[in-house]
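Below: one structure, written as structure tokens.
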Amino acid sequence: QVQLVESGGGLVQAGGSLRLSCAASGIIFSINAMGWYRQAPGKQRELVASTTPGGRMTYADSVKGRFTISRDNAKKTVDLAMNTLRPEDTAVYYCNADVRPTFSSGTYPYWGQGTQVTVSS
């Protein structure tokens with residue numbers, strides 16, 4: 001089994017900063033993309049940022065210049081540094097990883113349990 005365990009999140013005032021961390025564990029041969037998604041009440045889950053094993057990063061337009069994703073391939077971790085937070089960043093944030101559990105298996109998406117980020121105005 002593969003598990004993604006998230007930490008971080010919480011309540012912060014607008015303009016503040018938070019850092020989310022996610023660690024993958026279990027039966028893992030390799031990990032392709034790792035990233036963060038978020039889902040606000042009444043809205044669809046959306047990509048916030050993702051990164052490939054080679055370090056290519058993708059950001060949602062709404063977070064460019066404010067959020068930074070980083071990854072440690074050896075530790076199987078991905079972090080999201082969030083600066084200049086806005087009330088519209090309030091959502092449940094989910095870690096995602098495309099994992100190949102064994103050499104002979106396919107690649108499957110796995111999700112963390114989600115962590116709440118609330119930004120007050």
Side-chain angles (χ1 to χ4, degrees):
Q1 292 292 335
V2 175
Q3 287 187 321
L4 300 181
V5 178
E6 300 149 342
S7 60
L11 173 64
V12 65
Q13 289 188 332
S17 300
L18 284 173
R19 188 178 187 89
L20 306 181
S21 297
C22 174
S25 63
I27 300 173
I28 298 173
F29 175 76
S30 66
I31 303 176
N32 292 338
M34 295 185 81
W36 292 90
Y37 288 69
R38 67 187 181 187
Q39 187 166 19
K43 295 187 177 181
Q44 291 188 334
R45 190 173 298 188
E46 63 175 0
L47 173 69
V48 176
S50 67
T51 179
T52 66
R56 185 177 68 187
M57 301 170 192
T58 301
Y59 292 94
D61 288 342
S62 60
V63 306
K64 284 180 180 176
R66 301 188 297 122
F67 291 11
T68 302
I69 191 169
S70 60
R71 173 176 179 164
D72 187 321
N73 291 325
K75 295 182 179 179
K76 300 182 181 66
T77 60
V78 62
D79 290 353
L80 184 69
M82 305 183 291
N83 298 312
T84 319
L85 283 160
R86 304 168 180 168
E88 53 264 38
D89 294 318
T90 296
V92 178
Y93 284 69
Y94 296 91
C95 177
N96 168 266
D98 290 334
V99 178
R100 185 180 178 189
T102 66
F103 174 78
S104 59
S105 70
T107 299
Y108 307 98
Y110 290 86
W111 295 90
Q113 77 282 4
T115 185
Q116 178 70 46
V117 171
T118 302
V119 184
S120 63
S121 57

Atom of [X], atom of [Y] and distance for their closest heavy-atom approach:
X	Y	value
Q113	L4	OE1-O, 3.6 Å
A97	M34	CB-CG, 4.1 Å
S105	R100	O-NE, 3.5 Å
L85	R66	CA-NH1, 3.9 Å
A14	S121	CB-CA, 4.3 Å
P53	A33	CD-N, 4.4 Å

Out of curiosity, does [Y] fall in the hydrophobic cluster containing [X] (side-chain heavy atoms, cut-off under 4.5 Å, transitive links)?
X	Y	answer
V5	L18	no
Y108	W111	no
F29	V2	no
L47	L80	no
V92	W36	no

4.5 Å side-chain heavy-atom contact, [X] and [Y]:
X	Y	answer
V78	C95	yes
R71	I31	yes
R45	Y94	yes
E6	L20	no
Y93	C22	no

Let me confirm one number: the [atom1]-[atom2] distance from [X] to [Y], rounded to the nearest 0.5 Å.
X	Y	atom1	atom2	answer
D98	S30	CG	OG	10.0 Å
E46	R38	CD	CZ	4.5 Å
D72	T77	CG	OG1	4.5 Å

Would R86 and D89 pass as an ion pair if we require N to O under 4.0 Å?
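D89 and R86: not salt-bridged.
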Side-chain donor/acceptor of [X] to backbone N/O of [Y], under 3.5 Å:
X	Y	answer
T90	V119	yes
T115	G8	yes
Y59	I69	yes

